[in-house]
Amino acid sequence: MGRDRICNEVDAISEVLLSISIYLKENPETAYLETKACEYLSAMLETYGFNVEKGIGNVETAFRGRPRGYLPKRPAVAFLAEYDALPKIGHGCGHNLIAAASVGAAVVLSRVLGENAGSVAIVGTPAEEGGGGKVKLLEAGIFDPIDAAMMFHPKDRNFPGRNNLGRIALKMEFFGKSAHASSSPDRGRNALDAMVMAYTGMNSIRQHLKSDGRIHGIITHGGDAPNVIPDYAAGLFYVRAASRSYRDELFERVKHCAEGAALATGTEVKIEIIFPSLDPIRRNAALEDALQKNMQLLGIPIDADDGNRGSSDIGNLSQHIPVIHPYLAIVDPGIPGHSVAFRDATTSLRGRQTLIHAAKILAMTAYDYLTSPQLQEKVAEEFNNTE
Ligand SMILES: [Zn+2]
């Protein structure tokens with residue numbers, strides 16, 4: 001039976017999977033600079049019988065691995081490997097575990113799947129943190145021959161999925177006119193005043209947001225000297241919402257704040273979207289049910305959703321094909337991601353156990369999907385009837 005074999009095969013390579021997570025943790029690389037990770041993971045996959053293409057979709061640190069002798073049989077499942085780290089803190093989001101689990105699932109499933117049941121691939125997706133690597137790969141058509149994509153994310157709780165938010169990341173700049181702030185202020189136009197006005201404008205929207213709306217950001221430049229009227233000010237802001245339409249509406253309102261401030265202060269404003277915009281996740285209950293059964297088979301308790309909401313580039317992919325993005329605990333509830341404690345937990349005893357569980361759950365769920373036309377039909381039907 002496939003399930004038992006999957007579990008045995010994952011156990012047999014558990015030390016290798018652990019060594020992947022340790023290597024990545026010790027060699028953290030931030031968005032789009034993951035050259036070591038890309039090399040290391042590709043070489044590892046090759047030793048397990050995969051052909052690997054690097055630099056796919058014009059993304060230098062992306063890769064695609066397919067078992068040698070691969071035939072493009074449908075349906076096709078892709079496991080997603082993230083491996084970018086955070087600046088300064090390293091693998092505080094645990095992407096080292098994501099990569100290791102997806103390698104494990106791909107290697108094991110390629111051995112277990114057999115002749116008549118679709119195909120399996122692994123896609124290395126750089127720059128989840130801010131860079132939107134999956135969006136670039138999606139736009140380059142890398143996921144066109146794929147029917148479902150799967151990955152897990154470490155967390156402080158276990159659940160099969162979560163409603164992430166869509167996001168637009170923008171840079172706001174004001175251009176004024178410099179002048180001596182004391183002797184000739186009448187000749188200046190103050191870009192900092194415009195920024196402060198725009199900031200308070202955005203703040204005044206916040207009271208009226210729906211519960212899923214978010215507007216947050218920072219001022220990154222506010223002038224160069226107190227006796228010079230600032231001719232330049234800049235800030236970075238994110239707007240988020242649970243639907244694409246509300247996200248876009250909030251972006252329009254932020255633009256109005258900036259335009260109003262520019263008009264009032266006699267400055268010019270420029271707004272630029274700096275990262276690929278992220279879509280909210282479109283969940284697939286049929287696929288999550290299959291996943292949840294496998295979590296339960298391994299004795300993993302399902303926790304209540306904590307209600308916390310972030311954003312991820314898997315949202316864009318989820319609008320294109322069905323995905324699963326479960327969360328599995330590596331720390332006790334309340335220990336946040338993007339922290340030193342979370343990073344350290346990725347290679348703790350619990351982190352190791354979760355990694356092995358994750359590889360098994362992903363491989364088992366992909367196996368269920370690829371070997372059950374009934375499940376394939378249910379997943380497709382739900383995908384076509386939801387937004
Ligand atoms: Zn993450």
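Since the structure is predicted, the reported quantities are computational estimates derived from the model, not experimental observations. Each ligand, and each atom within it, is numbered from 1 in the order the structure gives.
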Under a 4.0 Å N-O cut-off, is there an ion pair linking Lys255 with Glu259? no

Does Glu53 have any salt bridge (charged side-chain N to carboxylate O under 4.0 Å, His left out) partners at least two apart in sequence or in another chain, and if so, which? Arg64, Arg66

Transitive ILVMFWY cluster of Met197, excluding itself - 4.5 Å side-chain cut-off: none

So, Asn316 side chain and Asp279 main chain: donor-acceptor pair closer than 3.5 Å or not? yes

Among all residues two or more places apart in sequence or in another chain, which pass the salt bridge (charged side-chain N to carboxylate O under 4.0 Å, His left out) test with Asp305? Arg309

Near-ring test Tyr83/His95, centroid separation under 6.0 angstrom: no

Output, by chain and residue number, all protein N/O/S atoms separated from the Zn ion (ligand 1) by less than 2.8 Å. Cys93 SG, His95 NE2, His153 NE2

